[in-house]
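What you see is a predicted model, and the numbers here were worked out from it, not measured in a lab. Order of appearance sets the numbers: ligands from 1, and atoms from 1 within every ligand. All residue numbers in this chain count up from 1 along the given sequence.
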Amino acid sequence: MNVSVDVVRANLAEIEARMAEACARAGREDRPRLLMASKYLDVEQMGILSEAGISLVGENRAEGLEEKWNRWGDTFEFHFIGHLQSRKVRDVVPYVSLVHSVESISLVEELDKRAGAEVRVLLEVNVSGEESKYGILPAAAETFLERAAAHRRVRFTGLMTMAPFTSDPESTRPYFRELRELRDRLAIAFADRYELTELSMGMSNDYAVAVEEGATIVRIGSALLSDD
Ligand SMILES: *Cc1c(COP(=O)(O)O)cnc(C)c1O
């Protein structure tokens, strides 16, 4: 993929302006974090992101993560946003400060085993119920966290979702709202075990709606790279 610093910088400025407008519309005073979904770029191209002012990247694959971290671990904070298989946990945990995509108890067990002092994670929720999507269903979230709670080194800090892909961003609003309401309920139910503050939601086509609905982290890829 062809990328230039100027393009990424201009896209970033526009996205940040739209996020600020969305915060204003929603009466929010906090600022969500922008995570660059870096799957489109190879190791060397990631330098462009830092030049353009990006400091947080999200990786989808365990393969190559160590190499990217060796090269850029001082430059970026790394999160893991892709589907994570239990047998890959050891290749991911040392390099990332947050895993967005936890959705099975066997994965929680493996994370607990491989964590140092602690590993911070989000629960991936399939709010739309589409069969093609990872994540646990909203109705199963409370029982899931009750089971996960025994694994003391795994600290849930919030929820993540992928909304259905659509050309009309407004149609994603009910899914984002549902994730926020679920987070609010779980935050109360698990207040003595977890501090559930994060909502990782919103991508290139729908981040403004997600920010209006309370996203604390938006995951953006193509909108930062597009040259039109
Ligand atoms: C690629 C990816 C994104 C960003 O998608 P864009 O539509 O390119 O913004 C966000 N989240 C996850 C989990 C991804 O894999």
For M203, atoms of ligand 1 separated by under 4.0 Å from a heavy atom: 3 (C), 5 (O), 7 (O), 9 (O), 10 (C), 11 (N)
Hey, which atoms in ligand 1 end up nearer than 4.0 Å to a heavy atom of I220? 9 (O)
Tested for salt bridge (Lys or Arg N to Asp or Glu O under 4.0 Å) against D112, the lone hit among R152, R153, R147 is R153
Do any heavy atoms of Y40 fall under 4.0 Å from ligand 1? yes
Among protein heavy atoms, which sits nearest to atom 9 (O) of ligand 1, and what does the distance come to when rounded to 0.1 Å? S204 OG, 2.5 Å
R71 and E44 ion-paired at < 4.0 Å: yes
Pair R18 + E14, salt bridge at N-O below 4.0 Å: yes
Is there a polar contact, in the sense of an N or O pair closer than 3.5 Å, between M160 and ligand 1? no
Of all the non-hydrogen atoms in the protein, which one sits nearest to atom 12 (C) of ligand 1, and at what distance? I81 CD1, 3.7 Å
Mark the output for M162 as yes if a heavy-atom distance to ligand 1 is under 4.0 Å, and as no if none is. yes
May I ask you to say whether K68 pairs ionically with E59, meaning some side-chain N is under 4.0 Å from a carboxylate O? yes
Using the ring centroid of each side chain, check whether F78 and Y95 are separated by less than 6.0 Å. no
A student checking ligand 1 against N60 at a 4.0 Å heavy-atom cut-off should list atoms 14 (C), 15 (O)
Strictly distance-based, threshold 3.5 Å: is any side-chain N or O of N11 a donor or acceptor partner for the main-chain N or O of S226? yes
May I ask you to decide whether K88 forms a salt bridge with E110, counting only side-chain N to carboxylate O separations under 4.0 Å? no
In terms of its nearest heavy atom to atom 7 (O) of ligand 1, the top option of G82, S222, S38 is S222
Quick check: does any side chain N or O of W72 sit under 3.5 Å from a backbone N or O of V43, one acting as donor and the other as acceptor? yes
the protein heavy atom lying closest to atom 11 (N) of ligand 1 turns out to be R219 NE, 2.9 Å
Counting each atom of ligand 1 from 1 as listed, which ones have a heavy atom of K39 under 4.0 Å away? 1 (C), 2 (C), 3 (C), 14 (C), 15 (O)
